[in-house]
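Just so it is clear, the structure is predicted and the values come from calculations on it, not from any experiment. The first residue in the sequence is number 1, and the count goes up from there.
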Amino acid sequence: QVQLVESGGGLVQAGGSLRLSCAASGRTFSSYTMGWFRQAPEKEREFVATINRNGGSTYYADSVKGRFTISRDNAKNTVYLQMNSLKPEDTAVYYCAARRTLGRITTASEYDYWGQGTQVTVSS
């Protein structure tokens, strides 16, 4: 089992940047595929990005491609989401998630563990 804790959210102006972090407990972090999702008020949780176990493969939602970068440091048990050129429509609670199995999975229900989320607000 793994516990996930996100940090780094906040209020930023449009065009600005934020870096989210997700710290994982346990000694098996490198065995998990990691993902970032977000949920805006009154909307369903949506996929943002995913990264494989060794960080060599990433995949992004079209809405963030070219602006967001997912990365991980297995020595620090941490996954990151660098968010640049932020837009008001990026405003949401951002969640990191972990899954034990391989694959480029974009469906929230396929992930096994979730953090509590961190709020990102982008003002226009």
Side-chain angles (χ1 to χ4, degrees):
Q1 190 167 351
V2 62
Q3 293 183 325
L4 306 172
V5 179
E6 301 97 333
S7 61
L11 173 64
V12 64
Q13 290 188 332
S17 298
L18 282 175
R19 187 195 196 200
L20 306 184
S21 299
C22 173
S25 65
R27 293 174 290 180
T28 59
F29 174 72
S30 61
S31 67
Y32 291 92
T33 297
M34 300 299 297
W36 284 98
F37 288 76
R38 66 187 182 186
Q39 188 166 16
E42 301 182 356
K43 291 189 176 181
E44 292 189 356
R45 193 167 297 190
E46 67 171 356
F47 168 78
V48 174
T50 185
I51 188 167
N52 71 340
R53 294 171 176 177
N54 66 11
S57 178
T58 58
Y59 183 71
Y60 299 91
D62 287 343
S63 59
V64 306
K65 199 173 298 181
R67 300 188 298 123
F68 290 11
T69 302
I70 188 171
S71 61
R72 67 190 296 163
D73 185 338
N74 286 343
K76 296 182 178 181
N77 282 12
T78 303
V79 62
Y80 304 97
L81 186 68
Q82 177 66 44
M83 306 185 295
N84 298 330
S85 302
L86 282 161
K87 304 175 182 179
E89 52 263 44
D90 294 318
T91 295
V93 177
Y94 283 71
Y95 299 89
C96 73
R99 60 190 303 269
R100 290 182 292 264
T101 53
L102 299 175
R104 184 177 289 177
I105 303 299
T106 62
T107 305
S109 61
E110 297 290 333
Y111 283 76
D112 302 303
Y113 304 103
W114 292 85
Q116 83 289 348
T118 186
Q119 176 71 48
V120 172
T121 303
V122 184
S123 63
S124 56

S.K.: Any donor-acceptor pair under 3.5 Å linking the side chain of Tyr60 with the backbone of Ile70?
M.R.: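 Yes; at least one donor-acceptor contact below 3.5 Å.
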S.K.: Okay, side chain of Thr33, backbone of Leu102: is any donor-acceptor separation there less than 3.5 Å?
M.R.: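 No: the side chain of Thr33 does not pair with the backbone of Leu102.
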S.K.: Is there a side-chain contact (heavy atoms from CB on, under 4.5 Å) between Leu18 and Phe68? Walk through the geometry before answering.
M.R.: CA-CA 10 Å; Leu18 282 175; Phe68 290 11; over 6 Å; no
S.K.: Are Met34 and Tyr113 linked, directly or through intermediate hydrophobic residues, by side-chain heavy-atom contacts shorter than 4.5 Å (ILVMFWY only)?
M.R.: yes
S.K.: How far apart are the closest heavy atoms of Pro88 and Ala14, and which atoms are they?
M.R.: CD-CB, 4.1 Å
S.K.: Is there side-chain contact between Arg53 and Ser30, with at least one heavy-atom pair below 4.5 Å?
M.R.: no
S.K.: Arg72 side chain to Asn52 main-chain N or O, any donor-acceptor pair under 3.5 Å?
M.R.: yes
S.K.: Within a 6.0 Å radius of atom NZ on Lys43, are there more than 12 heavy atoms belonging to other residues, nucleotides or ligands?
M.R.: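 Counting neighbours around NZ of Lys43, 12 or fewer heavy atoms of other residues, nucleotides or ligands fall under 6.0 Å, so no.
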S.K.: For the residue pair Gly9 and Val120, what are the closest heavy atoms and their distance?
M.R.: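 Where Gly9 meets Val120 most closely, the heavy atoms are CA-CG2, 4.1 Å.
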S.K.: Are Lys87 and Asp90 close enough for a salt bridge, meaning some N to O gap below 4.0 Å?
M.R.: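 Asp90 and Lys87: not salt-bridged.
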S.K.: For Ser17 and Asn84, work out which heavy atoms get closest and say how close.
M.R.: OG-OD1, 2.9 Å
S.K.: Taking the side chain as every heavy atom from C-beta outward, state whether Phe29 and Lys76 have any atom pair closer than 4.5 Å.
M.R.: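 They are not in side-chain contact.
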S.K.: Under a 4.5 Å cut-off applied to non-hydrogen side-chain atoms, are Glu89 and Val122 in contact?
M.R.: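 No, their side chains stay 4.5 Å or more apart.
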S.K.: Would you call the rings of Phe37 and Tyr111 parallel, tilted or perpendicular, taking 30° and 60° as the class edges?
M.R.: perpendicular
S.K.: Please determine which of Thr69, Thr50, Ile51 meets the side chain to side chain contact (heavy atoms under 4.5 Å, CB included) test together with Thr58.
M.R.: Ile51
S.K.: With distance as the sole test, does Thr118 use its side chain to make a donor-acceptor pair with the main-chain N or O of Ser7 at under 3.5 Å?
M.R.: no
S.K.: Is the shortest side-chain heavy-atom distance between Asp112 and Tyr32 below 4.5 Å?
M.R.: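 They are not in contact (no side-chain heavy atoms under 4.5 Å apart), so the answer is no.
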S.K.: Decide yes or no for Leu4 and Tyr95: does some side-chain heavy atom of the first lie under 4.5 Å from some side-chain heavy atom of the second?
M.R.: no
S.K.: Mind checking the CZ-CZ spacing from Arg104 to Phe47? Nearest 0.5 Å is all I need.
M.R.: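 Here the interatomic distance stands at 8.5 Å.
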S.K.: Test your reading of the model: is there a side-chain donor-acceptor pair from Glu6 to the backbone of Gln116, 3.5 Å cut-off?
M.R.: yes
S.K.: First locate atom SG of Cys22, then atom CH2 of Trp114, and finally report the distance between them rounded to the nearest 0.5 Å.
M.R.: 10.5 Å
S.K.: Hey, mind stepping through Trp36 and Met83 against side-chain contact (heavy atoms from CB on, under 4.5 Å) and telling me if it holds?
M.R.: CA-CA 12 Å; Trp36 284 98; Met83 306 185 295; over 6 Å; no
S.K.: Are there over 12 heavy-atom neighbours, none belonging to Gln119, within less than 6.0 Å of that residue's CD?
M.R.: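 Yes, the 6.0 Å shell around CD holds more than 12 heavy atoms from other groups.
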S.K.: Rounded to the nearest 0.5 Å, what separates atom CG in Leu20 from atom OG1 in Thr78?
M.R.: 12.5 Å
S.K.: About how many Å separate OH of Tyr80 and SG of Cys96, when rounded to the nearest 0.5 Å?
M.R.: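 Between atom SG of Cys96 and atom OH of Tyr80 there are 12.0 Å.
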S.K.: Spell out, yes or no, whether Tyr59 and Tyr94 are grouped together once hydrophobic residues are joined by side-chain heavy atoms under 4.5 Å, including indirect joins.
M.R.: no
S.K.: Which distance, rounded to the nearest 0.5 Å, do you find between the CZ of Arg45 and the CZ of Arg38?
M.R.: 13.0 Å
